[in-house]
Protein chains: 2
Amino acid sequence: MTLAEENYLKAIYHLENQSSNEVSTNALAEEMQTKASSVTDMIKKLAEKNMVSYIPYQGVTLSKAGRAHAVKVVRKHRLWEVFLLEKLNFSWDEVHDVAEQLEHIKSEKLTDKLDEFLDFPKVDPHGDPIPDKHGNFEEIDKTSLTDAQEGQSYVCIGVHDSSSDFLKYLDANHISLGTTIEIIHKEPFDNSVKIKFNDVELVVSENVAKNLFLQEA
Amino acid sequence: MTLAEENYLKAIYHLENQSSNEVSTNALAEEMQTKASSVTDMIKKLAEKNMVSYIPYQGVTLSKAGRAHAVKVVRKHRLWEVFLLEKLNFSWDEVHDVAEQLEHIKSEKLTDKLDEFLDFPKVDPHGDPIPDKHGNFEEIDKTSLTDAQEGQSYVCIGVHDSSSDFLKYLDANHISLGTTIEIIHKEPFDNSVKIKFNDVELVVSENVAKNLFLQEA
DNA sequence: TTAAAAGTTTAGACAAAGCTAAATAATCTT
DNA sequence: AAGATTATTTAGCTTTGTCTAAACTTTTAA
């Protein structure tokens with residue numbers, strides 16, 4: 001698997017998890033920041049290698065082998081994120097880009113030793129689960145802040161958008177994973193939400209609310 | 001700098017350090033395990049980018065910028081080797097191949113944080129010096145075992161050949177960096193050397209002797 | 001000091017991964 | 001159910017890094 005192939009597998013994997021349908025050429029092109037024609041070419045190559053099954057005009061789905069490979073890349077990505085944050089003191093908005101490079105290092109021994117060195121972490125700095133050596137992981141039960149109930153308390157357990165901008169926004173407002181928040185008011189007009197944590201009240205936009213994952217406290 | 005370009009710079013750097021002349025196309029091809037014609041093509045590209053100076057038929061030398069870049073790659077390689085050995089418990093014959101991949105990760109922050117995490121090591125697991133953030137390092141004063149004097153004692157401080165086979169040979173014979181050895185006898189017939197360390201005597205071939213670096217004890 | 005050998009470069013191809021423009025299929029609209 | 005729109009694929013080209021075979025320099029040695 002080349003670097004480009006691995007990135008496609010990862011992108012297909014992410015899109016499959018988001019909508020459970022076949023992944024369309026255009027959706028993949030959007031995700032990969034490339035052109036639909038390039039996607040078609042690559043999909044054909046991946047189909048040749050039995051990493052995806054592909055019917056022209058009908059989209060693409062990962063094969064067993066393709067999904068297994070994608071999960072390995074995801075495992076590496078998330079382990080490196082933990083390493084960067086916990087051992088090298090990167091901030092959580094900085095880890096993603098470097099992990100994008102490190103996830104392609106080929107050495108099963110390295111991955112497993114790193115896992116051990118980090119004490120077998122279960123989630124990465126954005127709250128996403130880390131597959132174990134065999135590709136198994138627990139899907140985390142999460143509610144978006146938009147779906148939270150007024151009056152109820154929750155713990156922040158993850159983010160949907162792990163862009164640097166969003167994470168910096170959370171940092172600036174002192175929200176991190178583990179923070180307990182209470183839903184004070186949901187404003188129907190603009191879907192903003194007033195929350196309270198550490199005795200401070202804060203109104204967050206719908207956009208922020210959509211991207212923050214919670215678990216009932 | 002692409003991955004291939006970086007590997008060429010590194011190879012030129014190593015060859016320059018070995019013989020101080022211009023690096024010939026064939027020598028580079030040998031080092032890179034490729035064909036002379038491929039080397040010519042790449043050299044031209046590196047010359048375009050002012051990373052090397054190149055006169056056809058006369059070989060190639062690194063420019064300031066080229067050398068600086070090569071040193072950065074070497075720094076990363078050696079830091080990762082220390083990480084793999086000290087933090088992840090790789091053995092010294094396993095670190096090289098993985099470091100070959102890790103040395104191309106682009107993030108100055110990562111490199112410098114890693115350096116700090118490892119407590120600014122001065123040498124890698126094979127005794128080679130690690131350049132600091134600014135590219136500076138001390139050349140280590142080393143004698144090959146072939147040049148050692150009978151009756152004299154030395155400390156092992158490095159290896160020339162860091163192939164897995166050679167390092168496994170040393171491991172099997174309990175020779176590691178820091179081991180103090182005494183030269184018992186140099187055999188002129190085949191240039192083998194009888195050494196003694198930890199109260200054990202051992203005869204090593206010329207090939208081994210050439211690849212073991214010492215410092216007077 | 002010239003011919004052979006050795007070393008190097010050029011010319012022309014190829015595979016990977018991308019692009020644009022054109023063609024084709026699927027879907028939506030009325 | 002046909003035309004329009006949207007989605008997808010194909011065709012042909014580009015760049016990077018490699019290769020083989022042929023041509024050309026440089027060195028060596030008679």
Side-chain angles (χ1 to χ4, degrees), chain A residues 1-13 15-16 18-62 66 69-70 73 100-101 103-106, chain B residues 1-13 15-16 18-62 66 69-70 73 100-101 103-106:
Chain A
M1 288 293 100
T2 66
L3 197 143
E5 288 169 347
E6 285 193 341
N7 282 333
Y8 272 91
L9 289 181
K10 199 175 46 140
I12 298 168
Y13 179 77
L15 292 173
E16 281 190 350
Q18 275 178 230
S19 66
S20 77
N21 293 340
E22 289 81 19
V23 172
S24 76
T25 302
N26 265 359
L28 241 187
E30 165 71 27
E31 177 85 11
M32 293 295 297
Q33 301 272 65
T34 185
K35 294 295 144 71
S37 55
S38 308
V39 170
T40 303
D41 287 346
M42 181 54 94
I43 284 175
K44 281 195 214 153
K45 195 162 50 134
L46 290 173
E48 289 270 305
K49 296 192 176 187
N50 294 309
M51 301 307 274
V52 300
S53 70
Y54 164 59
I55 305 166
Y57 296 101
Q58 308 258 113
V60 72
T61 48
L62 289 173
H69 197 94
V73 176
E100 285 287 299
Q101 297 179 62
E103 73 189 3
H104 300 292
I105 303 291
K106 286 168 187 22
Chain B
M1 290 291 103
T2 67
L3 197 141
E5 288 169 349
E6 284 192 343
N7 283 334
Y8 272 92
L9 289 182
K10 198 174 46 137
I12 298 167
Y13 179 77
L15 292 172
E16 279 190 351
Q18 275 179 229
S19 67
S20 77
N21 292 341
E22 288 82 18
V23 172
S24 76
T25 302
N26 265 0
L28 241 187
E30 165 72 25
E31 177 85 9
M32 292 294 296
Q33 300 271 66
T34 187
K35 296 294 146 73
S37 54
S38 308
V39 169
T40 303
D41 288 346
M42 180 55 94
I43 284 174
K44 281 196 215 151
K45 193 157 56 125
L46 290 172
E48 289 272 303
K49 295 192 177 188
N50 294 308
M51 301 307 277
V52 300
S53 71
Y54 165 58
I55 304 165
Y57 297 99
Q58 309 258 113
V60 70
T61 48
L62 288 173
H69 197 94
V73 175
E100 285 286 298
Q101 297 179 62
E103 73 190 3
H104 300 292
I105 303 291
K106 285 165 185 26

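Being a predicted model, the structure only gives us computed values, none of them experimental.
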* Asked: OP1 or OP2 of C:dC19 sitting under 4.0 Å from any side-chain N/O of A:T34?
  -> yes

* Taking atom C1' of C:dA16 as reference, at what distance in whole Å does atom CG of A:N7 sit? -> 14 Å

* **Nearest-Å distance for atom pair CG/P, residues B:D41 and D:dC19** => 10 Å

* So which heavy atom on B:M1 is nearest to which on B:K106, and how close? -> O-CE, 3.4 Å

* To do: Write down the atom of A:V60, the atom of A:E16, and the distance for their closest heavy-atom approach.
  => O-OE2, 4.4 Å

* Nearest whole angstrom, please: distance from the P of D:dT8 to the OH of A:Y54. => 9 Å

* To do: Using atom CD of B:E48 as one end and atom C1' of D:dT16 as the other, report the distance to the nearest whole Å.
  => 14 Å

* Structure fact -> For DNA chain D, the expected dot-bracket line (Watson-Crick or G-U under 3.5 Å, [ ] crossing, | inter-strand) is ||||||||||||||||||||||||||||||

* To do: Taking only heavy atoms on the protein side, list every residue of residues 18-30 of chain B lying under 4.0 Å from any atom of DNA chain D, sorted numerically.
  => none

* **Contact list for residues 49-60 of chain A, test salt bridge (Lys or Arg N to Asp or Glu O under 4.0 Å), sequence neighbours left out** => A:E5-A:K49

* Not counting sequence neighbours, which residues clear side-chain hydrogen bond (donor to acceptor under 3.5 Å, both in side chains) with B:H69? List them please. => B:E6

* Asked: Think A:Y8 has a side-chain N or O under 4.0 angstrom from the OP1 or OP2 of C:dA16?
  -> no

* Structure fact -> Separation of C:dA16 atom P from A:M1 atom CE, nearest Å, is 11 Å

Do any side-chain atoms of residues 29-37 of chain B form donor-acceptor pairs under 3.5 angstrom with protein atoms, and if so which ones, sequence neighbours left out?
none

* If you look at every heavy atom in A:E22 and A:T61, which pair is closest and at what distance? -> CG-CG2, 3.8 Å

* Asked: Just checking B:A36: base, sugar-phosphate only, or nothing, at a heavy-atom cut-off of under 4.0 Å?
  -> base

* Roughly how many Å is it from CD in A:E6 to P in C:dA16, rounded to a whole number? -> 16 Å

* To do: Starting at atom NZ of B:K44, determine the distance to atom C1' of D:dT18, rounded to an integer number of angstrom.
  => 14 Å

* Structure fact -> Comparing A:Q58 with A:M42, nearest DNA chain C nucleotide closer to 5' gives the residue A:M42

Between protein and nucleotides 20-24 of chain C, what N or O pairs are separated by less than 3.5 Å?
from, atom 1, to, atom 2, distance (Å)
C:dT20, OP2, A:K35, NZ, 3.2
C:dT20, O4, A:S37, OG, 2.9

* Asked: When rounded to the nearest 0.5 angstrom, what is the spacing between CG in A:N7 and CD1 in A:I12?
  -> 11.0 Å

* **B:L9 versus B:G66, closest heavy-atom pair with distance** => CD1-O, 4.1 Å

* Value in whole Å for how far the P atom of C:dC19 lies from CD of A:Q33 -> 10 Å

* Structure fact -> When rounded to the nearest 0.5 Å, the distance separating OG1 of A:T40 from OH of A:Y54 is 5.0 Å

* Asked: Any idea which heavy atoms bring B:Y13 and B:A70 closest together, and the distance?
  -> CB-CB, 3.8 Å

* Asked: So how far is it from B:H104 NE2 to B:T2 OG1, rounded to the nearest 0.5 Å?
  -> 9.5 Å

